[in-house]
Amino acid sequence: MRSLIHSLLVTVLMVWSTLAELRYVATLEQDGEVVDASHIEFVPIPPLSHGKHAGYSPSSRRDSNAKNDISYSDNWCGVAHRSTSSDPVTNIFGYFTVPDLTLRPGIPAPQFAAAWIGVDGAKCNWTMLQAGVTTVVNSNGGQSASAWWEWYPEVSYAIKGLTVRPGDWMAVNITIQDERTSRVVVTNAQRGYAITLALTDGPKLCRLDAEWILEDFYEKNEQVAFAKFSDVWFQDVAATTAGGKTINAEGAAMVHLRNRTGTVLCRAEKWDNSNFVVFSTG
Ligand SMILES: *[C@@H]1O[C@H](CO)[C@@H](O)[C@H](O)[C@H]1NC(C)=O
Ligand SMILES: *[C@@H]1O[C@H](CO)[C@@H](O)[C@H](O)[C@H]1NC(C)=O
Ligand SMILES: *[C@@H]1O[C@H](CO)[C@@H](O)[C@H](O)[C@H]1NC(C)=O
């Protein structure tokens with residue numbers, strides 16, 4: 001009897017846990033004051049496979065000038081750095097500019113680049129949590145940018161109703177309360193607003209690594225056309241672990257984006273452990 005009750009209980013709990021799904025509550029602040037957020041829309045967009053960026057080449061080499069380890073990825077440039085499961089990541093922060101694009105000659109428009117900050121993009125096989133901005137440049141050179149957040153493999157949400165322009169300074173601050181509960185703050189430092197998303201019942205995080213990335217992402221299993229861009233600085237980058245350790249660019253490889261036919265299209269260069277730049281090449 002006891003074991004039947006036990007197994008019923010387990011069944012009920014499992015059903016409950018499969019029913020639980022990601023929920024979010026948004027709060028908007030303007031210049032530090034909470035303001036009405038009812039004009040903001042969160043438009044679900046299919047996950048942009050931002051999550052599939054883990055495959056950077058393990059064969060890193062030393063850059064003789066910069067004395068940084070370099071590795072290559074075919075879809076992103078920037079920094080990813082890890083902690084250990086015994087000392088999980090609890091916060092990740094950084095400033096970056098919204099990519100300011102120009103058309104890359106010889107490939108079709110529209111062209112894109114996404115800048116974002118996140119956790120669990122490298123070692124965790126089933127999830128990652130991230131927020132950032134995507135800029136698109138059209139055939140006439142006109143650009144539009146939009147902020148988004150995503151707890152992969154749930155859908156991404158484009159944040160509509162807040163102005164974001166190429167070159168704006170943004171900040172992302174992700175605080176992980178527990179494996180399924182996080183707080184994501186996306187700030188546009190230029191325009192004085194900050195949107196806070198209180199997220200619950202998300203896919204279980206590993207909390208193993210932190211990343212600061214510029215990406216040529218995938219859409220419907222195809223990599224989007226990658227634009228040229230003005231230098232994108234990532235500043236004051238830092239992740240904190242439960243044990244109080246700081247993770248940043250110290251000891252991390254600078255990951256360059258090299259396309260499938262071997263052309264490097266983005267390089268990452270460290271200024272110091274908290275600041276680095278990614279720049280367009282190729
Ligand atoms: C992720 O998958 C790889 C390959 O299947 C496996 O070796 C690794 O242990 C997995 N990582 C985690 C955190 O489960
Ligand atoms: C990020 O958010 C956490 C939690 O609210 C806060 O303690 C921390 O100071 C923030 N980090 C920065 C750099 O603003
Ligand atoms: C890689 O980039 C170069 C230079 O833009 C381009 O000629 C080539 O077609 C690209 N390869 C792929 C697979 O996109």
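Atoms within a ligand are numbered from 1 in the order they appear, just like the ligands themselves. Values below: all heavy atoms of this structure, side chains included; hydrogens, waters and symmetry mates excluded.
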Asks: For the side chain to side chain donor-acceptor pair (under 3.5 Å) test, which of T196, N91, T90 pairs with T175?
Replies: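 Only one of T196, N91, T90 forms a side chain to side chain donor-acceptor pair (under 3.5 Å) with T175, namely N91.
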Asks: Verify the ring-centre separation between Y24 and F42: is it less than 6.0 angstrom?
Replies: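 They qualify: ring centres under 6.0 Å apart.
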Asks: Please tell me if atom 2 (O) of ligand 3 is touched by the protein, where touching means a protein heavy-atom distance below 4.0 Å.
Replies: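 Within 4.0 Å of atom 2 (O) of ligand 3, protein heavy atoms are found.
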Asks: Between F226 and F112, is the ring centroid distance below 6.0 Å?
Replies: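 F226 vs F112: aromatic centres not under 6.0 Å.
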Asks: At what distance is the nearest protein heavy atom to atom 10 (C) of ligand 3, and which residue and atom is it?
Replies: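 It is N259 ND2, 2.4 Å.
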Asks: Give the residue and atom name of whichever protein heavy atom lies nearest to atom 5 (O) of ligand 2, and the separation in Å to one decimal.
Replies: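 Result for atom 5 (O) of ligand 2: R183 NH1, 3.0 Å.
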Asks: With atoms numbered from 1 as shown, which atoms in ligand 2 lie under 4.0 angstrom from a non-hydrogen atom of T175?
Replies: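 Contacts of ligand 2 toward T175, numbered from 1: 2 (O), 3 (C), 4 (C).
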Asks: Counting non-hydrogen protein atoms only, what is the nearest one to atom 11 (N) of ligand 3? Give residue, atom name and distance.
Replies: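 Looking at atom 11 (N) of ligand 3, the protein heavy atom closest to it is T261 OG1, 2.6 Å.
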Asks: Look at atom 6 (C) of ligand 2 and say which protein heavy atom is nearest, naming residue and atom and giving the distance to 0.1 Å.
Replies: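 For atom 6 (C) of ligand 2, the nearest protein heavy atom comes out as N173 ND2, 4.2 Å.
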Asks: Have N273 and N248 got a donor and an acceptor in their side chains that come within less than 3.5 Å?
Replies: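 No donor-acceptor contact under 3.5 Å links the two side chains.
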Asks: Verify the distance criterion only: is there a donor paired with an acceptor across the side chains of W116 and E215 at less than 3.5 Å?
Replies: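 Result is yes, a qualifying pair exists.
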